Amino acid sequence: MISDAPALQQSSEQADSAAAPSRLARYARPMLGILLPLILALGWELVVGLGYSNGRLVPPPSRIFATILELARSGELTRHIAATLWRVGLGFAFGVVAGTVLGAISGYWSLARRLLDPTVQALRAIPSLAWVPLFILWLGIFETSKIALIAVGVFFPVYLGVMGAILSVDRKIVEVGRVFRLSGPAMIRRILLPAVLPAYVVSLRVGLGLGWMFVVAAELIGASEGLGYLLLDGQQLGKPAQILAAIVIFAILGKLTDWLIEVAATPFLRWQDAFGRAKGA
């Protein structure tokens with residue numbers, strides 16, 4: 001037993017030394033995504049600083065950052081971000097519920113698919129701005145019309161993702177479930193849900209991205225607060241730094257919310273033996 005102690009200590013030290021680089025790589029990997037924006041920002045700052053551009057129409061990052069700080073100090077930034085997050089959150093929730101339910105019905109029930117899908121596909125081709133006057137006429141210019149517009153944007157990718165994922169489930173897996181005489185609910189829980197979940201997470205991320213796009217269209221009309229209003233205010237007052245500051249905040253919030261969906265879905269997708277996971281992506 002005593003002679004084994006140095007060997008055990010040595011193997012423990014080797015394991016710790018091997019874990020240190022992997023831990024470092026895990027934290028360094030997300031930083032790679034920030035590298036390209038940082039290089040572009042520093043490059044443009046350098047171009048303006050050297051006098052190759054006056055930075056009037058495309059202000060340098062330092063001026064954009066100063067504008068964000070000024071809006072934050074005045075309290076306007078918090079108010080606009082809170083209003084936009086509230087609208088996107090509610091619109092996303094309603095769009096996801098409707099898209100998930102109708103997508104699941106259309107994917108699982110062929111008759112419902114023949115009835116619903118042609119109409120949904122036709123409505124999907126309508127541009128987002130075409131809904132604006134109709135929603136204002138029906139729901140007024142206040143919050144209800146804005147949330148409804150965002151929900152429409154979220155609905156279509158979620159609906160398509162759920163329906164397409166159910167239709168693409170391998171028939172052999174379903175046949176195995178029938179061989180084991182699984183009931184309808186058991187078939188859904190044990191076979192369809194695991195098969196559909198990866199595509200469903202992707203459709204949620206796409207729907208959230210469209211929700212952020214649709215909120216701009218919603219806030220450009222009849223809004224007195226929100227990041228879309230901040231964009232319009234910057235355009236009307238000729239403030240390109242304010243416009244770019246709003247765009248940067250949109251990008252940051254969009255990425256953060258997308259990351260939250262990805263993190264929330266990770267525990268449910270641990271069973272996947274996919275190419276990207278094998279590479280440690």
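What you see is a predicted model; the values in this text were computed from it and never measured. Nothing fancy with the numbering, it's 1 onward along the sequence. Heavy-atom basis, side chains included; hydrogens, waters and symmetry copies ignored.
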Given the rule that I, L, V, M, F, W and Y join up when any side-chain heavy atoms are under 4.5 Å apart, are [X] and [Y] in one cluster?
{"X": "L253", "Y": "V206", "answer": "no"}
{"X": "L149", "Y": "I141", "answer": "yes"}
{"X": "L46", "Y": "I64", "answer": "yes"}
{"X": "L77", "Y": "L69", "answer": "no"}
{"X": "L232", "Y": "I247", "answer": "yes"}

Between [X] and [Y], which heavy-atom pair has the shortest distance, and what is it?
{"X": "I243", "Y": "L231", "value": "O-CD2, 3.4 Å"}
{"X": "G207", "Y": "F92", "value": "C-CE1, 4.4 Å"}
{"X": "V201", "Y": "A265", "value": "CG2-CB, 3.6 Å"}
{"X": "L167", "Y": "R113", "value": "CD2-NH1, 3.4 Å"}
{"X": "A165", "Y": "A199", "value": "CB-CB, 3.6 Å"}
{"X": "L204", "Y": "V96", "value": "CD2-CG2, 3.6 Å"}

| query | Between R124 and L160, is a side chain to side chain contact (heavy atoms under 4.5 Å, CB included) present by the stated rule, with each step listed? | reply | CA-CA 10 Å; R124 188 170 67 92; L160 284 174; 3.5 Å; yes
Please examine the side chains of [Y] and [X], heavy atoms only from C-beta on, and report whether any two atoms are closer than 4.5 Å.
{"X": "P59", "Y": "L244", "answer": "yes"}
{"X": "F65", "Y": "V248", "answer": "no"}
{"X": "W138", "Y": "S145", "answer": "no"}

Atom [atom1] in [X], atom [atom2] in [Y]: separation rounded to 0.5 Å?
{"X": "T257", "Y": "R205", "atom1": "OG1", "atom2": "CZ", "result": "10.5 Å"}
{"X": "L116", "Y": "W109", "atom1": "CG", "atom2": "CH2", "result": "9.0 Å"}
{"X": "L85", "Y": "L256", "atom1": "CG", "atom2": "CG", "result": "9.5 Å"}
{"X": "L237", "Y": "Q242", "atom1": "CG", "atom2": "CD", "result": "7.0 Å"}
{"X": "S224", "Y": "F142", "atom1": "OG", "atom2": "CZ", "result": "9.0 Å"}

Quick check: does any side chain N or O of [X] sit under 3.5 Å from a backbone N or O of [Y], one acting as donor and the other as acceptor?
{"X": "K255", "Y": "F250", "value": "no"}
{"X": "S74", "Y": "L71", "value": "yes"}
{"X": "E45", "Y": "S62", "value": "yes"}
{"X": "E219", "Y": "L227", "value": "yes"}
{"X": "T100", "Y": "V97", "value": "no"}

| field | Within 6.0 Å of CD in Q121, more than 12 heavy atoms from elsewhere | value | yes
| request: Given side chain to side chain contact (heavy atoms under 4.5 Å, CB included), test F214 with V88 step by step and report yes or no. | output: CA-CA 9 Å; F214 272 58; V88 172; over 6 Å; no
| Do L208 and I261 pass the side chain to side chain contact (heavy atoms under 4.5 Å, CB included) test, and can you show the C-alpha distance, the side-chain angles, and the key distance before you say yes or no? | CA-CA 9 Å; L208 180 62; I261 290 180; 3.6 Å; yes
| Criterion side-chain contact (heavy atoms from CB on, under 4.5 Å) against Y159, the qualifying member of V154, V101, D117 | D117
| task | Considering only NZ, NE, NH1 and NH2 on the basic side and carboxylate oxygens on the acidic side, decide whether E143 and R87 come within less than 4.0 Å. | result | yes
